[in-house]
Amino acid sequence: MPYQHDRTSGRNRQCPAQATPGRYRTTLLFTMALWAALVQQPAGATTFYAVVLATPRYTVGASTLQSGLFVSTDNARTWRQLGPRNVKGYSMDAVDSSRGRILFMAAGNGVHRSTDFGATWRVVTDWRMTEVMDVMVDQHDPRWVYAATAFGFWRSGDGGDHWENPSGELHGGYTYRLQTLAAGNELVVAGENRFFRSTDHGSAWQGLDSFTEPRGILGIVGCTDGHCGASNGGCRMYATGEGVMVAAANPGRRTPDRLPGCPRMNVYAMIPAGGTSAYVAGDSGIWLYNACTSRCEERTANIPNHIAHALVMANDTLVAGTFGDGLFRLAGNSWEQSGLEGAIVWTLRRKEW
Amino acid sequence: MVNPKRTMFGRAATATRYVVQRYVRRIPAPALLLLCAALCSMQASAQSQESPSHRTAWPATPSSELRFKALKAVADDRANFLPVAAAKLRLNIDTAFAWQLVDTFLTHPVGDMFWLYPAVGFYFHCKDRLNSYWRGRFRGMMKSYSPYRGDTENHYLMYYSAILLFSQEWPELGRDEWFNGKSSAENYADAKEYLDHWIDDVAANSVTEWDSPRYVYLYITPLLVLRDFTNDPLLRRRVDMMIEYLLADFAAEYLNGSYCGAHSRHGDNSVIDPRRAEAGTYAGFYFEDSLAMPNGLGNELTFAALSGFQCPPIIRAIAHDRDTAFVHTELKRSRAKMRSSSERYTLAGKYDFMTPDYCLGSVPGGLLQPIQQHSWDVTFASPKPNNTIFGLHPQWSAMEAGMFFPEEPELIVGSIAKTKGSYTNENKWVGGSPYEHIVQYRNTLAALYVIPAGASTHHVDLFLPKSLDECDRSDSGWIFCRMGGAFVAIYPLAAERLWMEEKINWRLRLPAPVDSLTGYVVECARSAELSFAAFKAAHREPPRWCRTPHTDDNVLDVRTWRGTRFSVEGSRPDSFTLHVDGGAVNTDASHLFNGPNMYSITGSRVIELRAGNRRRILDFNRNTISE
């Protein structure tokens with residue numbers, strides 16, 4: 001389906017007589033109020049967000065229209081765009097307690113924030129922050145917002161109004177993804193070759209040696225819910241290097257070269273699929289992996305693009321974001337398009353409020 | 001040395017008077033005043049040329065005649081660019097079409113920061129022609145269109161210079177009137193802070209997209225608009241100084257229409273034909289006082305033609321002072337590195353040996369910029385096309401992509417190849433290599449490559465144009481080339497040589513076995529120094545070199561035609577060092593510029609322009625220009 005977007009003023013064809021500031025502002029305020037009413041979800045609703053890096057037409061300086069943040073409230077079937085229409089969007093998060101009113105988007109040109117369900121947006125960072133790869137709200141204390149950027153870890157202690165780049169190991173270094181552990185009390189950042197953990201909002205960092213991977217990018221790609229015979233619950237975390245998987249609970253262990261039973265591939269996303277299983281997406285398609293049996297079953301089937309970068313479950317249906325062909329949902333044993341045709345979908349998020 | 005013809009100024013004045021008379025009734029009063037004032041200044045300059053020429057006698061550029069010619073040339077274009085509309089409106093030519101262009105530009109905005117900088121240039125230069133309707137449309141765009149900031153230095157400059165000027169123009173706009181949710185005051189502060197930071201950083205440490213024949217116009221153009229319309233007199237002065245800095249940096253490596261030596265970013269076409277580079281437009285405009293719009297490029301000249309900026313004579317002298325050979329060095333920085341590097345910026349000592357007939361220039365190799373790096377070349381002064389010889393290891397890798405772009409490295413390579421098609425082409429002519437090590441001393445250069453298994457290609461290519469006057473392959477293994485008064489001898493350090501004929505050139509391909517030394521030695525000379533036959537005779541012996549650098553401490557040994565011993569020592573590629581007559585030659589990191597035309601101590605923020613005994617000091621600490 002064609003994209004929708006929230007900018008009714010995107011094509012201003014008003015004649016000169018109509019283009020008075022007063023009327024313009026009135027129309028805009030009305031549109032914003034209407035939009036806020038439309039997108040506000042009732043309690044208990046499931047909302048999906050897709051963050052689009054670009055479309056295949058993208059070249060530097062050319063139009064990146066129809067990239068950025070999209071929202072769906074019908075189980076990831078149809079999508080509406082929120083916010084700026086041509087940014088390199090990487091990730092998003094929301095203040096869950098606000099039920100979708102306060103949203104953050106991580107983008108190439110900074111952190112964008114909306115406080116009205118996505119009706120209006122503001123870049124809350126300045127020229128210093130660029131290539132923001134991930135943003136995460138501390139849901140226990142939403143004053144804290146974290147950003148992983150290509151040039152270091154940043155944080156805000158006032159809900160995104162002001163940002164700082166704490167000194168220490170992650171000052172200026174490449175950071176890629178953010179994750180919380182131990183019921184949200186530990187913040188983990190994936191750097192270029194290593195994970196770092198902090199329990200004080202990023203003031204001090206401790207390197208996780210079990211996650212040292214010299215062969216390139218080390219991203220947290222996801223979790224399985226359970227452990228094989230382990231007594232401790234919680235998330236078993238996986239990360240990826242160049243064709244390498246690293247798995248760890250606490251303490252971690254390295255899984256050489258690939259997920260056992262799976263083909264060698266670069267893994268970009270991983271979501272729990274019940275028990276010790278997880279869906280895995282990468283540059284060799286989509287697979288169902290069981291960490292206990294080491295079985296890896298291919299789920300790529302008829303999906304036209306074998307590079308998948310994002311996964312989400314929508315009512316027991318697996319939805320995959322591809323690198324240039326938009327979204328697909330697994331219906332039975334075959335995939336069908338699920339919107340955002342042609343998009344490079346970087347991140348998919350599911351939120352319950 | 002290229003001297004202006006004494007009679008040229010007389011002809012120019014006559015032509016200008018003719019054009020002005022013909023179009024005078026169509027020209028708005030402000031533009032007419034500008035032309036008249038400039039004409040007077042041009043005539044004064046012409047009179048000064050009556051005296052015998054010397055290196056500081058160059059008049060400031062551009063002349064009034066050139067300004068008008070440039071504006072007219074752009075105005076006569078039908079291309080769908082906003083500077084074309086600006087030129088048409090300023091000269092009252094084809095105005096209906098111009099307004100159509102403006103309407104399209106505002107109705108279908110594309111290009112992000114590439115949209116912003118012509119938008120702001122047009123708006124301010126044509127403000128007197130914009131009624132409240134058009135001004136309102138421009139203002140509305142700042143809310144309805146979300147131009148992306150981009151990710152390179154030139155992107156930021158285009159973006160923030162435009163944001164500063166538009167927020168200055170509409171200071172009362174609140175957060176809900178801007179696409180980024182910041183008020184005019186917040187946008188102005190953000191832009192001003194970035195621009196101040198950038199100027200200070202560049203003055204101390206150089207640009208990161210240095211010496212780019214492809215992109216330098218995207219620095220100069222937004223800076224011209226910024227200096228013309230900022231209300232902040234201090235910022236205007238600093239921007240003026242930056243324009244002079246960039247032009248002088250260009251002029252110091254300019255030779256008869258070409259931007260010489262290594263470049264951070266080159267184009268696929270201009271790398272094999274230097275005069276076709278975008279930079280040629282501004283070189284013509286400021287260094288030659290002539291109109292050069294290679295391949296129809298250069299509609300941005302509109303803003304230069306309308307600008308109050310004058311290129312000071314000393315920069316023209318720097319561009320043309322080629323009486324004697326000299327060494328010019330610069331310290332440059334890489335683009336900011338995200339991964340696969342222990343440092344954010346890698347410093348690169350740039351080296352040029354400039355002569356009246358050629359320039360041999362290089363950086364030490366390695367990856368300094370993604371995709372479009374050009375690490376060394378010989379540029380000939382000859383007016384022939386394809387006046388260059390250079391070589392490279394045409395490689396690509398996820399490591400390189402990941403070093404400069406934030407996404408997953410394996411994915412970026414494919415994305416780059418979609419937009420910059422040559423990136424993954426083994427026959428490309430642009431790009432750096434992490435396996436390239438270049439050393440140079442005056443007229444002699446050696447490029448050495450130790451390419452490991454796993455690299456995308458295992459060959460090194462040399463570009464030899466068919467436009468060479470002579471190209472001989474001798475039995476000794478040396479290859480001798482001549483273009484005009486410049487001679488080049490090349491000795492390939494390779495067991496195998498593959499000659500491949502292409503449309504405008506010969507490609508000399510040197511297969512590079514894994515972990516073995518491959519490369520070439522390049523030596524240059526001028527006809528004023530010796531004959532071509534004598535040059536050949538001086539190269540009867542091949543250099544001594546070893547194929548396995550890991551086991552030998554003396555990698556290369558060359559006896560130059562002057563009798564100098566040029567040797568490269570080291571057991572590993574990253575420890576290769578150049579020795580000349582036994583003495584080590586190290587990169588000069590203490591000087592941002594060091595040569596007869598420019599001088600600056602790294603970090604000092606004081607740039608000295610030199611021409612003969614004349615000095616012009618750009619002091620970015622005191623924000624003063626003194627001469």
B/Ser415 side chain near A/Phe323 side chain, heavy-atom distance below 4.5 Å: yes
Heavy-atom side-chain contact between A/Tyr268 and B/Glu410 under 4.5 Å: yes
Minimum-distance pair of heavy atoms, taken over all atoms of B/Ser340 and A/Glu192: N-OE2, 2.6 Å
Residue-level interface, residues 186-196 of chain B with chain A, non-hydrogen cut-off under 4.5 Å: B/Glu186, B/Asp190, B/Glu193, B/Tyr194
Heavy-atom pair of closest approach, residues B/Arg149 and A/Gly110: NH2-N, 4.3 Å
Proximal component of A/Thr125, with respect to chain B [non-hydrogen, under 4.5 Å]: backbone
Considering all heavy atoms, the nearest A/Asn109-B/Tyr148 contact: N-OH, 3.5 Å
Side chain / backbone / both / neither for B/Leu411 at chain A, heavy atoms under 4.5 Å: both
Verdict with reasoning, A/Thr120 to B/Asp176, per side chain to side chain contact (heavy atoms under 4.5 Å, CB included): CA-CA 8 Å; A/Thr120 61; B/Asp176 59 345; over 6 Å; no
Note, B/Glu408 side chain near A/Asp283 side chain (heavy atom, < 4.5 Å): no
Residue among B/Met141, B/Arg175, B/Met158 with most heavy-atom pairs under 4.5 Å to chain A: B/Arg175
A/Glu131 CD to B/Phe405 CZ distance, which is reported to the nearest 0.5 Å: 9.5 Å
Under 4.5 Å from any heavy atom of chain B - which part of A/His112: neither
Check: A/Tyr174 side chain, B/Met403 main-chain N or O, donor-acceptor pair, under 3.5 Å: no
Heavy-atom check, side chain of B/Phe179 versus side chain of A/Arg85, under 4.5 Å: no
A/Tyr90 side chain near B/Glu407 side chain, heavy-atom distance below 4.5 Å: yes
All ring-ring contact (aromatic ring centres under 6.0 Å, His included) counterparts of B/His197, not counting sequence neighbours: A/Trp127
Chain A contact via B/Tyr159 - which portion, at a heavy-atom distance below 4.5 Å: neither
